[in-house]
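This report refers to the structure that appears directly beneath it.
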There are 2 protein chains.
Amino acid sequence: MKQVSEAQSGADPLHMIDLIRKKRDGGALDAREIRFLTEGAAHEAIPAEQLAAWLMAAWIRGLELDEIRALTLAMRDSGEKFPSARLGRKAVDKHSSGGVGDKTSFLVAPLAAACGVAVPMISGRALGHTGGTLDKLEAIPGYRTALSLEEFEAVLMKCGASIIGQTDELAPADRVLYALRDRTGTVESPGLICASILSKKLAAGLDALVLDVKTGSGGFLRSVEECEFLAALLVTAAEAAGTRTVALLTDMDQPLGYAAGNWIELVEAVELLRGQRRPDNEDLRELSLILAGWMIHLGGQAETPEAGVPSGRSSSPGWKNGYQRAEKALMDGAALRIFFEMIAAQGGDVRVFDDPVAFHKPGATRIVDAWESGFVATMDTTALGWAVQRLGAGREKAGERVDPHAGILFHARRGARVEAGEPLATLYATTSAQLAEPETILKRAIRFSENPPNTVPMVRRIFTNSDAERYLESSSHH
Amino acid sequence: MKQVSEAQSGADPLHMIDLIRKKRDGGALDAREIRFLTEGAAHEAIPAEQLAAWLMAAWIRGLELDEIRALTLAMRDSGEKFPSARLGRKAVDKHSSGGVGDKTSFLVAPLAAACGVAVPMISGRALGHTGGTLDKLEAIPGYRTALSLEEFEAVLMKCGASIIGQTDELAPADRVLYALRDRTGTVESPGLICASILSKKLAAGLDALVLDVKTGSGGFLRSVEECEFLAALLVTAAEAAGTRTVALLTDMDQPLGYAAGNWIELVEAVELLRGQRRPDNEDLRELSLILAGWMIHLGGQAETPEAGVPSGRSSSPGWKNGYQRAEKALMDGAALRIFFEMIAAQGGDVRVFDDPVAFHKPGATRIVDAWESGFVATMDTTALGWAVQRLGAGREKAGERVDPHAGILFHARRGARVEAGEPLATLYATTSAQLAEPETILKRAIRFSENPPNTVPMVRRIFTNSDAERYLESSSHH
C-alpha cells in the first residue's frame with residue numbers, strides 16, 4: 001500500500017540506508033534526500049543510529065555548499081515557523097558564535113527595537129566555556145524563557161523585542177540532530193554548525209540576521225581561517241534562504257566588558273543602558289552599537305531622517321546611520337525602557353535592578369591580586385571561560401544547574417598597567433571550596449609583559465553576501 | 001564513588017565519546033579501548049548512536065591490523081565460550097564467505113567428524129544473494145538450530161559434529177554490532193567483517209579453522225585483491241587468537257553443484273554422502289574433500305597411518321592425507337551415518353531422505369529452456385543468487401521467512417554445450433506469480449558462446465599464517 005502511494009507521487013521511495021551509503025562514499029545528497037532526512041529526524045521516523053552514522057559520514061566527508069543550504073532550509077522548515085509578518089515591522093536578530101562576558105544581546109535587542117525593528121530572539125544556554133543568554137536572564141526572579149509562540153508574539157507586539165529559548169515547535173530536526181551530534185563527536189563540522197545555527201534562527205521568520213563570529217583566544221573556532229569560512233558559509237546559506245545577512249568577525253582575545261557570569265553581566269548591560277560609561281567596557285558598548293547599527297540598517301530603519309543628522313551624511317554606509325540611531329536610543333533611555341518592559345512582560349521582577357549590588361549574593365568571594373607588575377599582555381579567554389564555568393556560573397553538560405551569582409569581575413583589561421598586589425579580578429563562587437581551581441586557571445590564563453601589547457581592532461572583517469560568495473569561490477580553488 | 005573505584009584500578013576511566021573522536025580523526029584504539037567498546041556493546045551500556053558513529057568512522061578511516069586483532073579477541077570474549085576442551089578431540093570448524101549453492105557444510109562436518117575431529121559449527125542464515133546453512137537444515141521437519149550450549153555439547157559428544165545458529169551467549173558484542181552495521185551502511189569493511197566472522201567462530205573454542213573465501217561472480221567481494229586481503233586478515237587474526245587457521249580462495253564463478261535452494265541442496269549433499277557421483281557436481285565433491293582434508297590435517301588427524309597408504313607417501317602435505325581419509329569416509333558411508341545421527345540428535349526426521357523427491361513439494365515449477373545453442377560461457381552467480389532469493393528460498397531482510405522448497409536446479413554448468421530448446425534450469429517457487437522475475441534474472445545472468453570458455457581452478461590460492469603475514473606486509477608497503 002505504502003509503495004503504491006509513493007509510486008503515485010512520481011518519485012522512487014527513499015531509504016535512509018541509501019543516503020548513508022551515498023555520504024559514506026563521498027557523494028552529495030540532493031534537496032529531496034536532505035528533506036527526507038530532516039523530516040525523519042524531526043518525527044523520529046529514522047532511528048538514532050542511522051542519523052548518527054550519517055552525521056559521522058558528513059563530518060568526515062564534509063558537506064557541499066548546496067547540501068549545506070538544502071540542510072539549512074529543510075531544518076528550518078522541519079517544524080512550525082514563527083509568523084513574524086504579523087508583527088508589522090521587519091524582524092531582525094543577532095547571533096553570536098559564543099564568547100566570554102558577551103552580554104551584547106541585552107543591549108542590541110532593546111536598541112534595535114527602540115529604532116523600529118522587531119527582535120524575535122531565540123537564544124541558548126551556557127555550555128562549556130561559553131555563557132548563555134537564557135541562564136543570565138533567569139538570574140532575574142520570575143523571568144520566563146520558555147514562552148509559547150503566542151506569548152512570544154504578544155511580548156513582541158508590546159515591546160518590540162523578546163528573548164526566549166528554542167521551543168519544541170521551532171526546527172525540531174535541529175533539536176534531534178544537535179543532541180545526537182553532542183553524543184557522537186560530530187559537533188565541529190562547519191556545514192552542520194551552519195545549518196544548526198541558522199535553522200532555529202530562521203524558523204523565527206527573520207527578515208535579516210547579524211552574525212557575530214568570535215575570533216581569538218575565546219572563540220569557538222581558534223583559527224582565523226576557520227572563522228572566516230564559517231562566517232562566509234553562514235551568510236550565503238542564510239541569504240539563499242531569503243534572509244538578508246551580514247557576519248562580523250570580532251575580537252574575543254579578552255572577555256567582553258568587565259563581567260563574566262550571569263547576574264553580574266546583566267548589571268553591566270543595564271549600567272550601559274542607563275547611559276553610564278566606564279573605560280573598562282568601552283569595547284562592549286562599541287560592539288553593541290555596531291551590531292545594533294547593522295540590525296537597524298538591515299531592518300530598513302537606518303535611512304529614516306534623524307533630527308540633528310545633516311542630510312549630506314546620507315552617503316555614509318547605512319549601518320553607520322543605524323549606529324547613530326542606536327547610540328541615541330542608548331543615551332536617551334529608550335532602550336532601557338524597552339528592556340525593562342520586556343523583562344516585566346516575561347514575568348521578571350525589574351526591581352532587582354534598583355539595587356543590583358544588594359541583590360548580588362554569591363556564596364563565596366575571593367579577590368585575586370596581580371602577582372607581578374607590568375602590562376596585561378595576553379588573556380587565554382577560553383581558559384577564563386572555563387574558570388567562570390567552574391565557579392558555578394556555567395555547565396559542563398547539558399541539563400546541569402547554574403548559579404546566577406557566580407562569575408568573575410575583571411579589574412584590568414588587555415593593555416592595562418598593573419602593579420603587583422593590586423586587585424586583578426574578583427571571583428564569585430557558590431561555595432568557597434569552588435574558588436581554588438578557577439583561581440589557578442585564572443593565574444595560568446593571564447600573562448604580563450614589560451611593554452604594552454599590540455591593540456586588536458574590535459571588528460576584524462565584515463562579510464556581506466557578495467563578500468562571502470567571493471570568499472567561498474576563492475577558497476574552493478585551493 | 002564510581003570515580004574512586006576507577007581511580008583505584010590505576011587507569012583513567014574511558015568515555016565512548018573520546019573513542020569516537022579518536023577513530024574519527026584517524027587514530028587507532030588500543031586493546032583496552034577496544035574491550036571497553038565491545039563490553040559496552042554486549043551489555044548495551046553504550047547507546048546505539050554512539051556505536052553507529054564509531055562504526056562509520058571505522059568504515060571510512062579503516063582499522064589497523066592491531067585494532068582488528070584486538071577487536072576479534074574482545075568480541076570473542078564478550079560472552080560465554082563453548083568449553084570445547086571437554087570434547088576430548090580437537091575442535092575444528094569451516095567458514096565460508098557465502099556463496100550460491102554452497103552446501104559443503106553438510107559434507108565437511110560429518111567427513112571431518114568421521115576422521116576423529118570434533119566439528120562445533122556455528123552457522124548463519126540466508127541474507128541477500130547468499131543462502132544460509134540454518135535455513136537449509138530447517139527444511140528437515142523437526143530439526144532444531146537453536147540449541148543451548150549444553151545440548152550442543154551433548155550432540156557433539158554423541159556424533160562428533162553439530163550445526164547450530166549463533167546463540168545469545170556466544171559473542172553478544174557481534175550480535176549487537178552486526179545488527180547496527182546492517183542498518184548503518186557499515187557492513188563492507190574488511191576489519192569489521194574479519195572481527196565479526198572470527199568472534200562467533202572462535203567463541204566456539206576452536207583449535208583450528210578452515211576458511212573458504214569465495215572469489216568470482218558469486219563472491220561477497222568482487223575483486224581478487226579484496227578477497228586476498230580479507231583472507232590474509234582472517235588468517236593472521238585467528239592465528240593471533242591462538243587458532244590454527246588456513247584460508248582457501250575458491251571459485252564462485254558458477255553455483256556450487258547443481259542445486260541452489262534449501263531442501264534441494266540437502267538432497268544433493270546426501271546423494272554425495274551416499275557415494276553417488278555425477279559429472280555436474282564434481283566441483284562440490286572436490287571442494288568438500290579439500291576443505292575436509294584441511295580440517296582433518298589441522299585437527300591433527302591426517303598423519304594417522306591408514307591401511308592401504310604406503311608409508312612413503314607421508315612426505316605429501318598433511319592436508320592431502322586428510323583428503324584421502326575424508327574420501328574414504330565418504331565412500332564407506334561413515335560420514336552419512338554421522339550426518340543422519342546428528343540430524344536425529346537435533347530433532348530432525350531423517351525419514352524424509354528415504355524418498356527426497358516425494359518430500360519436495362514446491363508451490364510452482366517452471367523449466368527454463370536454453371534460448372540459444374552454444375557453450376555456457378559466463379554465469380553471473382550473484383544475480384543467480386538473487387533469483388534463488390526472489391523465488392522464496394532466501395530473504396532480503398533479516399527476520400523474513402524462507403520457503404524450504406523453493407530454489408533452482410541447474411541442468412548445465414559453465415563449459416557445457418547446450419542446444420536451444422534443451423532444459424537449462426528448473427525453477428521452484430512458492431507461487432507461480434513468483435516465477436517471472438527470477439526467470440528474467442536467470443536469462444540475463446547466463447551467456448553463451450561459440451567456443452568453450454576457459455576453465456577456472458577450484459582453489460585459486462591458499463593462505464597459511466606465514467603466507468598471510470607476508471601478504472599483509474607487502475600490501476602495507478603500497
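For B/R183, the parts lying near chain A are the backbone and the side chain together; criterion is any non-hydrogen pair under 4.5 Å. Using a 4.5 Å cut-off between heavy atoms, A/W59 contacts chain B through its side chain alone, with no backbone atom that close. If you measure heavy-atom distances from A/D182 to chain B, the contacts under 4.5 Å come from the backbone alone.
Within residues 223-232 of chain A, no residue approaches chain B closer than 4.5 Å by heavy atoms.
A heavy-atom distance below 4.5 Å is not found between the side chains of A/E39 and A/I46. For the pair B/Q389 and B/E396, the minimum side-chain heavy-atom distance is below 4.5 Å.
Counting all heavy atoms, side chain and backbone alike, A/A70 lies closest to A/A31 at CB-CA, 4.1 Å.
Expressed to the nearest 0.5 Å, how far CD1 of A/I197 lies from OG of A/S97 amounts to 7.0 Å.
Taking the charged nitrogens against the carboxylate oxygens, B/D25 and B/R61 have no contact shorter than 4.0 Å, which rules out a salt bridge. Using a 4.0 Å cut-off between charged nitrogen and carboxylate oxygen, B/R76 and B/D174 do not count as a salt-bridge pair.
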Would you be so kind as to tabulate the donor-acceptor pairs closer than 3.5 Å made by side chains of residues 184-192 of chain B, with sequence neighbours excluded?
{"unit_1": "B/T184", "atom_1": "OG1", "unit_2": "B/L180", "atom_2": "O", "d": "2.7"}
{"unit_1": "B/T184", "atom_1": "OG1", "unit_2": "B/T186", "atom_2": "OG1", "d": "2.9"}
{"unit_1": "B/E188", "atom_1": "OE1", "unit_2": "A/R24", "atom_2": "NH1", "d": "3.2"}
{"unit_1": "B/S189", "atom_1": "OG", "unit_2": "B/L192", "atom_2": "N", "d": "3.4"}

